[in-house]
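To keep things clear, I will list the structure first and then write my remarks on it.
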2 protein chains.
Amino acid sequence: MGVPLYQTKAEFFRTLGHPARIRILELLAERDHAVHELLEQIAIEPSNLSQQLAVLRRTSLVVSRREGTAVVYSISVPEVRDLLLSARRILVGLAETRSEFEDELMVPDRR
Amino acid sequence: MGVPLYQTKAEFFRTLGHPARIRILELLAERDHAVHELLEQIAIEPSNLSQQLAVLRRTSLVVSRREGTAVVYSISVPEVRDLLLSARRILVGLAETRSEFEDELMVPDRR
DNA sequence: TCACTATATGAAGACTTCTTCAAGTCATGT
DNA sequence: ACATGACTTGAAGAAGTCTTCATATAGTGA
């Protein structure tokens, strides 16, 4: 309480605002992954991956558990899937709008 | 198209990652607003508001038109509403998770 | 216990984003 | 033409985020 919702929302979106973190969430949306599995899919340094996982952990978007020698991550809020889908839809919409606009620019006199 | 989708998505979420921009989108999701109307609702300096509107314009999330002496903004992608709702749902979920956890901390020995 | 692999953390410089200030544009009424 | 109100823009320092490096910790098997 105290912190206004729009502030919290902004912080939330900011934690999604990084390519590696998006990829992590997309992979975890499919199924749980150990850190070394994420590392195979995402081309960044291990310590950088760890940092990004830490960001996601801080906001409780993911949780980790140790399994023997590996650490396995999973999404803690399944609704994140909807959000990522929503975002994709919006981006596709924006891309279309933009390319229509570019068409007009390319063929300006054609009705 | 060159730029990978997760990169584009990250940029998109980053443009949502600011309290003023969230408020702007929420207000515009209700109805179109002139800049001076936004200014009444959002407590920031006019030039700051303008900067934030510029960010939203650059990503084509909003469009502006001049109406006489005023400039009126509107949302260009209606799906943004779903996204904001999705986000709210997730945040509520997270808040609940966290407060359950805090309950455990406060009453640790009680089953 | 030691060496090894898997992962996390702290710190620092590079880089980006914010806020504010000063100055600029654009319509309107006089 | 000018003054005014409504907004925008560019620049600059402050504040925040990224990436990398060095170091730390936790299991595992020899």
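Quick note on labels: first sequence line is chain A, next is B, and so on, each numbered from 1. Hydrogens, waters and symmetry mates play no part in the numbers below; they use all other heavy atoms, side chains included.
Distances shown here put every side-chain N or O of R66(B) at or beyond 4.0 Å from the OP1 or OP2 atom of dT28(C). Considering only side-chain N and O atoms, Y73(A) lies under 4.0 angstrom from the phosphate OP1 or OP2 of dA8(C).
Between L49(B) and V55(A), the residue anchored closer to the 5' end of DNA chain D is L49(B), taking for each the nucleotide with the nearest heavy atom. Between A70(A) and R14(A), it is A70(A) whose nearest contact on DNA chain C lies nearer the 5' terminus. Looking at which nucleotide of DNA chain D each of V72(B) and Q51(B) is closest to, the 5′-most match is held by V72(B).
Nucleic acid contact class of S47(B) (heavy atoms, under 4.0 Å, all strands): base.
If you check the side chains of E11(B) and Q7(B), you find a donor sitting under 3.5 Å from an acceptor.
Side-chain proximity of R57(B) to the nucleotides dT7(C), dA6(D), dT8(D) is greatest for dT8(D). Closest to the V35(B) side chain, of the nucleotides dC18(C), dT7(C), dC7(D), is dC7(D). Counting only heavy atoms from C-beta on, N48(B) has its side chain closest to dT20(C) among dC7(D), dT20(C), dT7(C). Nearest nucleotide to the side chain of H18(A), out of dC18(D), dA27(C), dT19(C): dC18(D). Between dT20(D), dC21(C), dT9(C), one nucleotide has an atom nearer to the side chain of E45(A) than all others, and that is dT20(D). The side chain of Q52(B) lies closest to dT19(C) when the candidates are dT19(C), dT9(D), dA8(C).
Between the side chain of R57(B) and the backbone N or O of V62(B), no donor-acceptor pair lies under 3.5 Å.
Using a cutoff of 4.0 Å between basic side-chain nitrogens and carboxylate oxygens, E79(B) and R88(A) are not scored as salt-bridged.
Annotation: side chain of Y6(A) is not in contact with side chain of I24(B) (no heavy-atom distance under 4.5 Å).
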